[in-house]
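For ligands, and for the atoms within them, numbers begin at 1 and follow the listed sequence.
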Amino acid sequence: MMKAFYMTRFGGPEVMEYGDLPEPTPGKGEVLVDVKASSVNPVDWKLRGGMMKFVAGRGLPKPLGSDFSGVVRALGPGVTGFAPGDRVYGAVATMFGRPGAHAERVVARAKDTRRMPEGWTFEQGAALPVAALTATAGLRKCGDLAGKTVLVNGATGGVGHMALQIAKARGARVVAVCSARNAELARSLGADEVLDYHQVDVTAPGRTWDVFFDAFGQVGFSRAARALAASGVYITTLPGPDSVLRSALGGVLGGKRVGLAYMRSKPEDYAELERLIQGGVKVVLETFPLERAAEAFAVCEGGKVRGKVVLTVP
Ligand SMILES: NC(=O)c1ccc[n+]([C@@H]2O[C@H](COP(=O)([O-])OP(=O)(O)OC[C@H]3O[C@@H](n4cnc5c(N)ncnc54)[C@H](OP(=O)(O)O)[C@@H]3O)[C@@H](O)[C@H]2O)c1
(Lines give C-alpha, C1' and ligand atoms only; values in the text may rest on other atoms or scores of the structure.)
Protein backbone atom coordinates (compact mmCIF):
# COMPACT_ATOMS: atom_id res chain seq x y z
CA MET A 1 0.00 0.00 0.00
CA MET A 2 1.05 3.65 -0.44
CA LYS A 3 0.04 6.90 1.24
CA ALA A 4 -2.09 9.24 -0.90
CA PHE A 5 -4.39 12.23 -0.68
CA TYR A 6 -7.34 11.00 -2.71
CA MET A 7 -10.89 11.80 -3.74
CA THR A 8 -13.56 9.33 -2.71
CA ARG A 9 -16.42 10.84 -4.75
CA PHE A 10 -17.33 14.15 -6.43
CA GLY A 11 -17.79 17.20 -4.25
CA GLY A 12 -15.97 19.78 -2.13
CA PRO A 13 -12.95 19.44 0.18
CA GLU A 14 -14.94 17.02 2.38
CA VAL A 15 -14.63 14.21 -0.21
CA MET A 16 -10.82 14.12 0.13
CA GLU A 17 -9.04 11.67 2.45
CA TYR A 18 -5.42 11.04 3.38
CA GLY A 19 -4.64 7.35 3.82
CA ASP A 20 -3.64 4.11 2.09
CA LEU A 21 -4.33 3.13 -1.52
CA PRO A 22 -3.04 0.08 -3.42
CA GLU A 23 0.31 0.47 -5.18
CA PRO A 24 -0.07 1.22 -8.90
CA THR A 25 1.75 -0.90 -11.50
CA PRO A 26 3.07 0.42 -14.82
CA GLY A 27 1.53 -0.89 -18.03
CA LYS A 28 2.89 -0.82 -21.58
CA GLY A 29 4.70 2.45 -22.30
CA GLU A 30 4.41 3.62 -18.68
CA VAL A 31 6.84 4.49 -15.90
CA LEU A 32 6.37 3.95 -12.16
CA VAL A 33 7.76 6.92 -10.22
CA ASP A 34 8.51 7.33 -6.51
CA VAL A 35 6.99 10.77 -6.10
CA LYS A 36 9.17 13.33 -4.32
CA ALA A 37 6.92 16.31 -5.01
CA SER A 38 3.67 17.18 -6.78
CA SER A 39 1.85 20.48 -7.12
CA VAL A 40 -1.69 21.76 -6.79
CA ASN A 41 -3.51 23.24 -9.80
CA PRO A 42 -7.05 24.65 -10.09
CA VAL A 43 -7.86 21.68 -12.36
CA ASP A 44 -7.57 19.45 -9.27
CA TRP A 45 -10.60 20.90 -7.52
CA LYS A 46 -12.45 21.38 -10.80
CA LEU A 47 -12.14 17.63 -11.46
CA ARG A 48 -13.05 16.88 -7.85
CA GLY A 49 -16.16 19.02 -8.32
CA GLY A 50 -17.26 16.97 -11.35
CA MET A 51 -15.74 18.71 -14.40
CA MET A 52 -15.39 16.18 -17.24
CA LYS A 53 -16.96 13.66 -14.87
CA PHE A 54 -17.53 10.90 -17.41
CA VAL A 55 -13.92 10.92 -18.62
CA ALA A 56 -12.05 12.14 -15.56
CA GLY A 57 -14.06 10.40 -12.89
CA ARG A 58 -13.15 6.78 -13.64
CA GLY A 59 -11.61 4.54 -10.97
CA LEU A 60 -12.45 6.20 -7.67
CA PRO A 61 -10.98 6.41 -5.11
CA LYS A 62 -7.88 7.95 -6.66
CA PRO A 63 -5.40 10.78 -6.09
CA LEU A 64 -5.59 14.08 -7.96
CA GLY A 65 -2.54 16.03 -9.09
CA SER A 66 -1.12 16.33 -12.61
CA ASP A 67 2.36 17.71 -11.90
CA PHE A 68 4.96 15.41 -10.41
CA SER A 69 8.67 14.95 -9.87
CA GLY A 70 10.48 11.98 -8.43
CA VAL A 71 12.70 8.98 -9.10
CA VAL A 72 11.92 6.20 -11.58
CA ARG A 73 11.19 2.98 -9.67
CA ALA A 74 10.20 0.59 -12.48
CA LEU A 75 9.47 0.54 -16.21
CA GLY A 76 6.47 -1.00 -17.95
CA PRO A 77 6.90 -3.11 -21.10
CA GLY A 78 8.33 -1.31 -24.12
CA VAL A 79 9.74 1.73 -22.31
CA THR A 80 13.14 2.89 -23.47
CA GLY A 81 15.11 5.99 -22.59
CA PHE A 82 14.59 5.73 -18.82
CA ALA A 83 16.17 3.59 -16.11
CA PRO A 84 15.34 3.01 -12.44
CA GLY A 85 16.95 5.78 -10.39
CA ASP A 86 16.45 8.53 -13.01
CA ARG A 87 15.27 11.87 -11.60
CA VAL A 88 12.23 12.86 -13.65
CA TYR A 89 9.35 15.32 -13.79
CA GLY A 90 6.22 15.72 -15.88
CA ALA A 91 2.43 15.84 -15.87
CA VAL A 92 -0.09 13.00 -15.90
CA ALA A 93 -3.35 13.45 -17.79
CA THR A 94 -5.75 13.48 -14.82
CA MET A 95 -8.33 15.20 -17.06
CA PHE A 96 -8.58 11.95 -18.99
CA GLY A 97 -9.04 9.78 -15.93
CA ARG A 98 -5.50 8.88 -14.91
CA PRO A 99 -4.80 8.66 -11.16
CA GLY A 100 -2.74 11.68 -10.10
CA ALA A 101 0.48 12.34 -8.23
CA HIS A 102 -0.66 13.45 -4.78
CA ALA A 103 0.65 10.12 -3.55
CA GLU A 104 3.86 8.24 -2.80
CA ARG A 105 3.80 6.61 -6.24
CA VAL A 106 2.43 7.59 -9.64
CA VAL A 107 2.28 5.85 -13.00
CA ALA A 108 2.93 8.21 -15.93
CA ARG A 109 3.12 7.58 -19.65
CA ALA A 110 6.78 7.62 -20.69
CA LYS A 111 5.93 10.35 -23.21
CA ASP A 112 4.64 12.54 -20.34
CA THR A 113 7.84 12.00 -18.35
CA ARG A 114 11.07 13.97 -18.75
CA ARG A 115 14.49 13.71 -17.16
CA MET A 116 15.04 16.66 -14.77
CA PRO A 117 17.87 19.01 -15.63
CA GLU A 118 20.97 18.94 -13.39
CA GLY A 119 20.65 21.18 -10.36
CA TRP A 120 16.86 21.34 -10.25
CA THR A 121 15.12 20.56 -6.99
CA PHE A 122 12.17 18.16 -6.93
CA GLU A 123 9.97 21.02 -5.71
CA GLN A 124 10.93 23.11 -8.74
CA GLY A 125 10.28 20.22 -11.15
CA ALA A 126 6.83 19.54 -9.70
CA ALA A 127 5.83 23.20 -9.70
CA LEU A 128 6.51 23.80 -13.37
CA PRO A 129 4.77 21.64 -15.98
CA VAL A 130 1.09 22.64 -16.07
CA ALA A 131 1.49 26.31 -15.16
CA ALA A 132 4.68 27.08 -17.03
CA LEU A 133 3.82 25.08 -20.17
CA THR A 134 0.49 26.94 -20.31
CA ALA A 135 2.28 30.28 -20.05
CA THR A 136 4.76 29.39 -22.79
CA ALA A 137 1.97 28.02 -25.02
CA GLY A 138 -0.02 31.25 -24.67
CA LEU A 139 2.89 33.63 -25.18
CA ARG A 140 4.05 31.70 -28.25
CA LYS A 141 0.91 32.97 -29.98
CA CYS A 142 1.83 36.64 -29.51
CA GLY A 143 4.72 37.02 -31.97
CA ASP A 144 7.71 39.23 -31.16
CA LEU A 145 7.21 40.82 -27.74
CA ALA A 146 10.18 43.20 -27.80
CA GLY A 147 8.99 46.71 -26.96
CA LYS A 148 5.35 45.61 -26.64
CA THR A 149 3.19 46.28 -23.59
CA VAL A 150 1.98 43.01 -22.10
CA LEU A 151 -0.70 43.08 -19.43
CA VAL A 152 -0.71 39.93 -17.28
CA ASN A 153 -3.99 39.53 -15.41
CA GLY A 154 -3.53 37.25 -12.37
CA ALA A 155 0.21 37.91 -12.49
CA THR A 156 1.29 36.25 -9.24
CA GLY A 157 -0.61 32.93 -9.55
CA GLY A 158 0.77 29.71 -11.03
CA VAL A 159 0.40 30.59 -14.72
CA GLY A 160 0.66 34.36 -14.27
CA HIS A 161 3.99 34.54 -12.45
CA MET A 162 5.52 32.49 -15.24
CA ALA A 163 3.89 34.60 -18.00
CA LEU A 164 5.10 37.80 -16.32
CA GLN A 165 8.73 36.66 -16.25
CA ILE A 166 8.71 35.07 -19.71
CA ALA A 167 7.19 38.18 -21.32
CA LYS A 168 9.84 40.26 -19.56
CA ALA A 169 12.61 37.91 -20.72
CA ARG A 170 11.31 38.37 -24.28
CA GLY A 171 11.72 42.13 -24.06
CA ALA A 172 8.19 43.27 -23.22
CA ARG A 173 7.15 46.06 -20.88
CA VAL A 174 5.02 44.14 -18.38
CA VAL A 175 2.03 45.48 -16.47
CA ALA A 176 1.08 43.04 -13.70
CA VAL A 177 -2.47 42.82 -12.35
CA CYS A 178 -2.90 41.28 -8.90
CA SER A 179 -4.25 42.11 -5.46
CA ALA A 180 -2.36 44.71 -3.41
CA ARG A 181 -0.84 42.09 -1.07
CA ASN A 182 1.03 40.59 -4.05
CA ALA A 183 2.26 43.87 -5.58
CA GLU A 184 5.75 43.53 -4.12
CA LEU A 185 6.07 39.97 -5.41
CA ALA A 186 5.06 41.10 -8.91
CA ARG A 187 7.68 43.86 -8.82
CA SER A 188 10.34 41.45 -7.61
CA LEU A 189 9.59 39.23 -10.62
CA GLY A 190 10.24 42.14 -12.97
CA ALA A 191 6.89 43.89 -13.48
CA ASP A 192 7.35 47.46 -14.73
CA GLU A 193 4.00 48.52 -13.32
CA VAL A 194 1.53 46.85 -10.96
CA LEU A 195 -2.24 47.40 -10.90
CA ASP A 196 -4.63 46.22 -8.19
CA TYR A 197 -7.72 44.64 -9.76
CA HIS A 198 -9.77 45.77 -6.76
CA GLN A 199 -8.98 49.40 -7.69
CA VAL A 200 -8.58 49.47 -11.47
CA ASP A 201 -10.70 48.11 -14.33
CA VAL A 202 -8.04 47.24 -16.90
CA THR A 203 -10.66 47.05 -19.66
CA ALA A 204 -11.91 50.62 -19.05
CA PRO A 205 -11.40 53.18 -21.86
CA GLY A 206 -8.12 55.06 -21.64
CA ARG A 207 -5.23 52.63 -21.93
CA THR A 208 -4.58 49.87 -24.44
CA TRP A 209 -2.43 46.76 -24.33
CA ASP A 210 -0.60 45.01 -27.19
CA VAL A 211 -1.08 41.71 -25.37
CA PHE A 212 -3.72 41.04 -22.73
CA PHE A 213 -2.58 37.77 -21.13
CA ASP A 214 -5.50 36.66 -18.98
CA ALA A 215 -3.97 34.08 -16.64
CA PHE A 216 -6.98 34.51 -14.34
CA GLY A 217 -8.98 33.61 -17.43
CA GLN A 218 -12.31 35.20 -16.71
CA VAL A 219 -12.31 38.52 -18.55
CA GLY A 220 -13.38 37.17 -21.96
CA PHE A 221 -12.63 38.54 -25.42
CA SER A 222 -15.66 40.85 -25.61
CA ARG A 223 -14.50 42.87 -22.59
CA ALA A 224 -10.76 42.58 -23.18
CA ALA A 225 -11.07 43.76 -26.80
CA ARG A 226 -12.08 47.24 -25.58
CA ALA A 227 -8.59 47.63 -24.15
CA LEU A 228 -6.59 46.00 -26.93
CA ALA A 229 -4.38 47.98 -29.31
CA ALA A 230 -5.48 47.90 -32.97
CA SER A 231 -3.81 44.58 -33.77
CA GLY A 232 -3.56 43.42 -30.16
CA VAL A 233 -4.05 39.89 -28.94
CA TYR A 234 -6.04 38.53 -26.02
CA ILE A 235 -4.67 35.28 -24.58
CA THR A 236 -6.83 33.31 -22.17
CA THR A 237 -6.27 30.20 -20.07
CA LEU A 238 -10.01 29.65 -19.69
CA PRO A 239 -11.69 30.19 -23.06
CA GLY A 240 -15.37 31.07 -22.93
CA PRO A 241 -17.71 30.87 -25.94
CA ASP A 242 -16.82 34.38 -27.22
CA SER A 243 -13.09 33.64 -27.12
CA VAL A 244 -13.48 30.25 -28.82
CA LEU A 245 -15.65 31.75 -31.57
CA ARG A 246 -13.35 34.71 -32.14
CA SER A 247 -10.34 32.42 -32.16
CA ALA A 248 -11.98 30.27 -34.86
CA LEU A 249 -12.89 33.34 -36.94
CA GLY A 250 -9.64 35.18 -36.25
CA GLY A 251 -7.99 34.33 -39.54
CA VAL A 252 -10.98 35.66 -41.46
CA LEU A 253 -11.73 38.82 -39.48
CA GLY A 254 -8.17 40.01 -38.85
CA GLY A 255 -7.60 42.91 -36.43
CA LYS A 256 -7.73 42.08 -32.76
CA ARG A 257 -7.04 38.40 -32.12
CA VAL A 258 -7.62 35.73 -29.50
CA GLY A 259 -5.12 33.03 -28.60
CA LEU A 260 -6.13 30.09 -26.42
CA ALA A 261 -3.50 29.12 -23.85
CA TYR A 262 -3.71 25.36 -23.59
CA MET A 263 -0.87 23.50 -21.93
CA ARG A 264 1.29 21.70 -24.50
CA SER A 265 3.92 19.21 -23.38
CA LYS A 266 5.94 18.12 -26.39
CA PRO A 267 9.70 17.58 -25.87
CA GLU A 268 10.35 20.93 -27.57
CA ASP A 269 8.00 22.66 -25.08
CA TYR A 270 9.91 21.21 -22.13
CA ALA A 271 13.18 22.17 -23.83
CA GLU A 272 11.97 25.78 -24.18
CA LEU A 273 10.92 25.83 -20.53
CA GLU A 274 14.27 24.46 -19.40
CA ARG A 275 16.09 27.16 -21.40
CA LEU A 276 13.93 29.83 -19.73
CA ILE A 277 14.75 28.49 -16.25
CA GLN A 278 18.42 28.32 -17.21
CA GLY A 279 18.10 31.94 -18.31
CA GLY A 280 16.87 33.06 -14.91
CA VAL A 281 13.08 32.59 -14.84
CA LYS A 282 12.18 31.52 -11.29
CA VAL A 283 9.37 29.48 -9.86
CA VAL A 284 7.92 30.91 -6.66
CA LEU A 285 6.61 28.18 -4.38
CA GLU A 286 5.37 27.24 -0.95
CA THR A 287 5.63 23.64 0.26
CA PHE A 288 3.46 21.39 2.42
CA PRO A 289 4.14 17.74 3.28
CA LEU A 290 1.73 15.35 1.54
CA GLU A 291 -0.08 14.53 4.79
CA ARG A 292 -1.03 18.22 5.04
CA ALA A 293 -2.44 18.33 1.51
CA ALA A 294 -5.85 19.44 2.80
CA GLU A 295 -4.24 22.67 4.12
CA ALA A 296 -2.43 23.16 0.82
CA PHE A 297 -5.72 22.87 -1.07
CA ALA A 298 -7.36 25.33 1.32
CA VAL A 299 -4.65 27.90 0.51
CA CYS A 300 -5.16 27.46 -3.24
CA GLU A 301 -8.95 27.25 -3.24
CA GLY A 302 -9.13 30.18 -0.84
CA GLY A 303 -7.40 32.40 -3.44
CA LYS A 304 -4.28 32.85 -1.31
CA VAL A 305 -1.79 31.30 -3.69
CA ARG A 306 1.50 33.04 -4.50
CA GLY A 307 3.20 31.22 -7.37
CA LYS A 308 2.74 27.49 -6.80
CA VAL A 309 1.80 25.27 -3.87
CA VAL A 310 3.87 22.08 -3.79
CA LEU A 311 3.30 18.86 -1.83
CA THR A 312 6.42 17.03 -0.75
CA VAL A 313 6.83 13.32 -0.05
CA PRO A 314 9.58 12.42 2.46
N1 LIG B 1 -5.92 25.95 -20.39
C2 LIG B 1 -5.00 25.29 -19.68
O3 LIG B 1 -4.30 24.38 -20.17
C4 LIG B 1 -4.80 25.73 -18.26
C5 LIG B 1 -3.63 25.38 -17.60
C6 LIG B 1 -3.43 25.89 -16.32
C7 LIG B 1 -4.42 26.68 -15.72
N8 LIG B 1 -5.57 26.94 -16.38
C9 LIG B 1 -6.61 27.76 -15.76
O10 LIG B 1 -6.09 29.07 -15.59
C11 LIG B 1 -6.60 29.67 -14.41
C12 LIG B 1 -5.45 30.15 -13.55
O13 LIG B 1 -4.63 29.06 -13.17
P14 LIG B 1 -3.46 29.27 -12.10
O15 LIG B 1 -2.84 27.96 -11.86
O16 LIG B 1 -2.60 30.40 -12.48
O17 LIG B 1 -4.35 29.70 -10.82
P18 LIG B 1 -3.89 30.32 -9.44
O19 LIG B 1 -2.49 29.90 -9.16
O20 LIG B 1 -4.96 29.99 -8.47
O21 LIG B 1 -3.84 31.89 -9.69
C22 LIG B 1 -4.99 32.65 -9.90
C23 LIG B 1 -4.61 34.12 -9.85
O24 LIG B 1 -5.77 34.88 -10.18
C25 LIG B 1 -5.71 36.10 -9.47
N26 LIG B 1 -7.04 36.68 -9.36
C27 LIG B 1 -8.07 36.34 -8.53
N28 LIG B 1 -9.15 37.12 -8.76
C29 LIG B 1 -8.80 37.96 -9.78
C30 LIG B 1 -9.48 38.99 -10.48
N31 LIG B 1 -10.74 39.31 -10.20
N32 LIG B 1 -8.81 39.66 -11.45
C33 LIG B 1 -7.53 39.34 -11.76
N34 LIG B 1 -6.82 38.37 -11.13
C35 LIG B 1 -7.46 37.69 -10.16
C36 LIG B 1 -5.10 35.74 -8.13
O37 LIG B 1 -4.42 36.91 -7.66
P38 LIG B 1 -4.45 37.41 -6.13
O39 LIG B 1 -3.94 36.23 -5.31
O40 LIG B 1 -3.52 38.56 -6.11
O41 LIG B 1 -5.88 37.71 -5.80
C42 LIG B 1 -4.14 34.60 -8.49
O43 LIG B 1 -2.83 35.08 -8.65
C44 LIG B 1 -7.44 28.57 -13.73
O45 LIG B 1 -8.80 28.77 -14.02
C46 LIG B 1 -6.94 27.30 -14.35
O47 LIG B 1 -7.90 26.26 -14.34
C48 LIG B 1 -5.78 26.51 -17.64
Side-chain angles (χ1 to χ4, degrees), residues 38-52 56 64-67 91-96 100 112 126-141 151-166 175-189 191 194-204 209 212-220 223-224 227 234-240 243-244 247 258-266 269 273 283-286 296-310:
S38 61
S39 76
V40 182
N41 285 291
V43 71
D44 296 340
W45 59 86
K46 292 180 186 179
L47 294 177
R48 187 196 65 205
M51 184 182 82
M52 294 183 68
L64 294 162
S66 306
D67 292 325
V92 291
T94 52
M95 284 233 294
F96 299 105
D112 295 330
L128 282 165
V130 169
L133 293 174
T134 303
T136 50
L139 287 170
R140 199 178 293 127
K141 299 183 174 176
L151 179 97
V152 181
N153 192 42
T156 54
V159 178
H161 88 293
M162 284 289 137
L164 185 171
Q165 296 178 81
I166 297 166
V175 180
V177 183
C178 56
S179 54
R181 71 187 176 90
N182 289 326
E184 205 38 57
L185 173 61
R187 270 190 210 97
S188 75
L189 295 173
V194 182
L195 301 175
D196 175 0
Y197 61 80
H198 294 289
Q199 306 292 335
V200 181
D201 175 1
V202 294
T203 66
W209 322 107
F212 189 131
F213 190 104
D214 191 5
F216 177 55
Q218 297 185 26
V219 174
R223 272 184 67 212
Y234 172 67
I235 302 290
T236 178
T237 56
L238 219 54
S243 298
V244 172
S247 163
V258 175
L260 311 181
Y262 286 126
M263 177 200 175
R264 212 183 69 174
S265 56
K266 295 184 176 179
D269 300 317
L273 172 59
V283 57
V284 173
L285 57 89
E286 181 182 3
F297 268 68
V299 167
C300 298
E301 293 191 72
K304 296 277 184 285
V305 68
R306 290 158 62 85
K308 294 289 302 176
V309 167
V310 171

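In this structure, the side chains of D201 and R223 come closer than 4.5 Å at one or more pairs of heavy atoms. Counting heavy atoms from C-beta outward, M162 and V283 have side chains that approach closer than 4.5 Å. In this structure the side chain of W45 reaches within 4.5 angstrom of the side chain of V40, judged on heavy atoms. Between L64 and T94 the shortest side-chain heavy-atom distance does not fall below 4.5 Å.
Aromatic ring orientation, Y197 versus F216: parallel (interplanar angle below 30°, classes split at 30° and 60°).
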Could you list each nitrogen or oxygen of ligand 1 that sits under 3.5 Å from a protein nitrogen or oxygen, with the atom names and the distance?
| from | atom 1 | to | atom 2 | distance (Å) |
| --- | --- | --- | --- | --- |
| ligand 1 | 1 (N) | T237 | O | 3.0 |
| ligand 1 | 1 (N) | A261 | O | 2.9 |
| ligand 1 | 3 (O) | M263 | N | 3.0 |
| ligand 1 | 10 (O) | T237 | OG1 | 2.9 |
| ligand 1 | 16 (O) | G158 | N | 3.3 |
| ligand 1 | 16 (O) | V159 | N | 2.9 |
| ligand 1 | 19 (O) | G158 | N | 2.8 |
| ligand 1 | 28 (N) | Y197 | OH | 3.4 |
| ligand 1 | 39 (O) | R181 | NH2 | 3.2 |
| ligand 1 | 39 (O) | N182 | ND2 | 3.2 |
| ligand 1 | 40 (O) | S179 | N | 2.9 |
| ligand 1 | 40 (O) | S179 | OG | 2.6 |
| ligand 1 | 40 (O) | N182 | ND2 | 2.9 |
| ligand 1 | 41 (O) | S179 | OG | 3.4 |
| ligand 1 | 41 (O) | Y197 | OH | 2.4 |
| ligand 1 | 43 (O) | G157 | N | 3.0 |
| ligand 1 | 45 (O) | K46 | NZ | 2.8 |
| ligand 1 | 47 (O) | K46 | NZ | 2.7 |

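For the pair E301 and R48, the salt-bridge criterion is met [side-chain N within less than 4.0 Å of a carboxylate O].
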